[in-house]
Number of protein chains: 4
Amino acid sequence: MDKKSSSQQRRESLGARSRKRVREILGTAREVFGEKGFEKATMVEIAQRLGTSEATIFTYFGSKRELCMEVLRRWYYEISADLEREVPLVNGFRARLHFVIRKHLMHLIEEGTGICALVLSEGRNVDEEFSDLITDIKRRYTSPLMAALVAAQKSGEIRRDIPLRLMRDMVYGSMEHILWSHIYSGFLADVDLTASRLSDMLWRAFMPPDQPAEALAQLHAEVADALHRYEQNEAEK
Amino acid sequence: MDKKSSSQQRRESLGARSRKRVREILGTAREVFGEKGFEKATMVEIAQRLGTSEATIFTYFGSKRELCMEVLRRWYYEISADLEREVPLVNGFRARLHFVIRKHLMHLIEEGTGICALVLSEGRNVDEEFSDLITDIKRRYTSPLMAALVAAQKSGEIRRDIPLRLMRDMVYGSMEHILWSHIYSGFLADVDLTASRLSDMLWRAFMPPDQPAEALAQLHAEVADALHRYEQNEAEK
Amino acid sequence: MDKKSSSQQRRESLGARSRKRVREILGTAREVFGEKGFEKATMVEIAQRLGTSEATIFTYFGSKRELCMEVLRRWYYEISADLEREVPLVNGFRARLHFVIRKHLMHLIEEGTGICALVLSEGRNVDEEFSDLITDIKRRYTSPLMAALVAAQKSGEIRRDIPLRLMRDMVYGSMEHILWSHIYSGFLADVDLTASRLSDMLWRAFMPPDQPAEALAQLHAEVADALHRYEQNEAEK
Amino acid sequence: MDKKSSSQQRRESLGARSRKRVREILGTAREVFGEKGFEKATMVEIAQRLGTSEATIFTYFGSKRELCMEVLRRWYYEISADLEREVPLVNGFRARLHFVIRKHLMHLIEEGTGICALVLSEGRNVDEEFSDLITDIKRRYTSPLMAALVAAQKSGEIRRDIPLRLMRDMVYGSMEHILWSHIYSGFLADVDLTASRLSDMLWRAFMPPDQPAEALAQLHAEVADALHRYEQNEAEK
DNA sequence: TATGAATGAGGGTTCATTCAT
DNA sequence: CATGAATGAACCCTCATTCAT
């Protein structure tokens, strides 16, 4: 709270040019942290890629750790905000699952998985202070899916005898490994296809063991619901 | 290939006492790398736990990286050898899947997941030299499961329309995330139960879909999709 | 003499508003240097407390050191001017001594001893340039007491067989240590009482010894010394 | 307790060469810290004067601060041990005071006052951990004089209406200023003479205001005591 | 005149690695 | 074969100082 004050406070008063600089630094830092991981990334490399000196970075961020956390925070913020807004608009668990998976895969293919891996592998061995932040980030990031899982359990779309945590780990774990394979082999031709296959399989995995009737009833309810909403819309015109 | 040769060769021609020394060093190194990760582990700490000096370790291993790789190699060798021998003895894909998952989870719970995390987080950003080794290690490690998948596809126990790689990633990815959750929360009360649940769900995921239910699911998906698009259109008006 | 000239000259020709700015800066700098000492004080902190930027300070003062010196110069100027005016008005050495001591202690207790410590701990290791300034500052500061000592020696109020420098060092050294004790323990309940006690003791110390008591003391010392030597001789046998 | 372990523990096992190295480092560090003060002293300078690299120093001392503390500890240990042994052997407060002052001045003339000043000026603004050490060092260092003061108060040799702390500050403060003067002016021709003058004046300062009779009685008592001891010694032969 | 921004120069500290004994 | 000791090379971080605007 005291040691960082100088650089910290300077950043508070961000002029227009300043804000741009912050973005540049975060962009480059994201690259480097993503490629190298936290430990192997060096401030000097980030600075060099930016074409500035290390000191400049410390003008905006109090420490390497802080910079990295901000990178993570923003990265997750972007996708989390999207998911929180969009997932609830999708109807039915299966569609939601597919939506989340597709979004996640596409986002990661573009951005690289480095940043994502950071959250996993750097999460431990970190000062209490940041450990909390990471926990928050992860919670928020996975919460749209968790909410979908909760809803689906309630509606009977998925099994009720499995902890949600386990399902969540299956979803994110599968995707992560897929992306690792992609990185190593450079092979992941069709993201859409992969997303469809994965969500299909996971949906089957989560589906209540033997309930075609259940599924039919669910479909009926959804159609009825949609019609109801549709009619209300028409009435209001 | 040249730099290592000296220590490598030194290690080749070892007496009985020396072989014991190597084992001791590897054992301690496994502990430390597992607890701290590659970057945060230090040669001093390994040496201290061993009760010797750092220089002694360098008598047997050419570098920190080389030591770490040997640790990984042996760790995976052990479990791989087990799996290669035992998996074929198990009958039926479902049982094999459960066997592999249970073995993996139990092994990691016992040994700490550190070693496992190493392979994943250290796998990238490594000199070309070691990158190949890691690829080999992983290939061998997953090969019993791959073989089981191949057999199961042939026998019709699992779907034939999904790349094996994708299934493999689901298996290992899920387990990995489960273990990370475990590390963070310290919570994984019943390994057996988790193994059963996970293998059950993955088995369902891989199982060939039965046709009527499949048709229903397809319909469901299409209706849901149509509704979604329709509603978005309405919203944008 | 050359490096400073630019900012020095800039400071010479100042409007009324600027003169006020200089005072503000010096006030804040005094605070910060007092609290932290020269090394630990930073220009950023001074600027922040002022609500301006570091660059502004450099508009008025050529360097951190120069600023600090100006702080010291002014601090000592104030008290020196007071002392030069007031001490001669006090009659008798004893009263003068008490006056100087009391003034010094009170001034330092109020202002924090930081500034004072600066002169002592920063006095050495300073560019030749500033070393002279410090010598001057201190000479002027102690000169009222020195004058009083000279007068008192002439009038016979104090011993003539002791160098003035020695007496001066006793006065200021005692006070300094008292103040350090105060800083450490936070304890110096009654400044007036301490000033009285200290001036009383120092006065006795400086007072010409009355002869019979002196003779007795001399005897005492000689006997004690003889005994000591005698006993050591005995012990070594 | 964790961060320092590597270098700390290596120092525990000091071989013969190692112990010598430690002494060399401490010697050079004493010089540099004495000349420059803690802040301005740099590890690189210490290393250069030693003809080694900075890393070598960190092999033996965990941090700059730790090194400095060890310097102080040893410096004070030497003189404190001497004083504790010798002061009680001296009889009578006046002689003891003279003894302490002479010893102190001589020691400091030889070694420079830099180290001594460190204790004063670096004492504050320091981690709690070291603050305690400094307090201990100072307590131990001044305790022989304090004990002498206590005894003298009890025996009536010195005033009872003055806090011991105040007297102690007068003794050490005076000496310190004398030494500063010496350093600046290079002038302190006759240490013995200065010691005599200073102890004489301080003795007068501390002496009970008006008691030639008291002093006489005291002398009588001491002579009687000495005779008594002398006779006992004779009897034991 | 004022300042937001940038940075060169350096400081303390760490650690894998080497080498003489 | 073992090791105590030494160190080069980095790394993170700080801060007085400069300069374009």
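A note on names: the letters A, B, ... follow the listed sequences, proteins ahead of strands, and every chain is numbered from 1. All heavy atoms count here, side chains included; hydrogens, waters and symmetry mates do not.
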Side-chain N or O of [X] versus OP1/OP2 of [N]: is the shortest distance under 4.0 Å?
X: C/T59; N: E/dT1; value: no
X: C/Y60; N: E/dT1; value: no
X: B/R21; N: F/dA2; value: yes
X: D/S18; N: F/dA5; value: yes

What is the distance from [atom1] of [X] to [atom2] of [N], rounded to the nearest Å?
X: D/Q48; N: F/dT7; atom1: CD; atom2: C1'; value: 14 Å
X: A/R23; N: E/dA5; atom1: CZ; atom2: P; value: 14 Å
X: B/F61; N: F/dA2; atom1: CZ; atom2: P; value: 12 Å
X: A/I25; N: E/dT7; atom1: CD1; atom2: P; value: 10 Å
X: A/I46; N: F/dC13; atom1: CD1; atom2: C1'; value: 14 Å
X: B/E39; N: E/dT14; atom1: CD; atom2: C1'; value: 13 Å
X: C/K64; N: F/dT14; atom1: NZ; atom2: P; value: 15 Å
X: C/L67; N: F/dT17; atom1: CG; atom2: C1'; value: 14 Å

Using the C1' atoms of five pairs at each end, what's the angle between the two axes of the helix from E/dA2-F/dT21 to E/dT21-F/dA2, to 10 degrees?
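Taking the rotation axis at each end, their angle is 30°.
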Which nucleotide wins on minimum distance to the side chain of [X], given the candidates [options]?
X: A/S53; options: E/dG4, F/dT3, E/dG8; value: E/dG8
X: D/M43; options: E/dG12, F/dC19, F/dA16; value: E/dG12
X: A/A55; options: F/dT7, E/dT18, E/dG8; value: E/dG8

Evaluate the side-chain proximity of [Y] to [X]: yes if any heavy-atom separation is below 4.5 Å, no if none is.
X: B/R30; Y: B/L72; value: no
X: A/K64; Y: A/I46; value: no
X: B/R21; Y: B/T56; value: yes

Work out which heavy atom in C/S18 is nearest to a heavy atom in C/Y60; give both atom names and the distance.
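Smallest interatomic distance, heavy atoms only, reads OG-OH, 3.9 Å.
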Shortest non-hydrogen separation from D/E54 to D/A47 and the atoms involved
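Minimum heavy-atom separation between D/E54 and D/A47: N-CB, 3.6 Å.
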Earlier contact from the 5' end, DNA chain F, for D/T56 and A/E54
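Result of the comparison: D/T56.
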Would you confirm whether D/E66, through its side chain, and D/G62, through its main-chain N or O, come within 3.5 Å as a donor-acceptor pair?
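Pair found, side chain donor or acceptor close to backbone of D/G62.
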Describe the nucleic acid contact of A/T42 in one word from base, sugar-phosphate, nothing, applying a heavy-atom distance below 4.0 Å.
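Result for A/T42 = sugar-phosphate.
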Please classify the nucleic acid contact of C/A47 as base, sugar-phosphate, or nothing, using heavy-atom distances under 4.0 Å.
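The residue C/A47 makes no contact with any strand.
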Pi-cation contact, A/F38 with A/R65 (under 6.0 Å, within 45°)
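The answer is yes, since A/R65 meets both limits relative to A/F38.
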For D/A41 and B/A41, take the nucleotide of DNA chain E holding the closest heavy atom to each; which residue's nucleotide lies nearer the 5' end?
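The answer here is D/A41.
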D/E35 with D/R49: basic N within carboxylate O range, under 4.0 Å
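Yes, D/E35 and D/R49 are salt-bridged.
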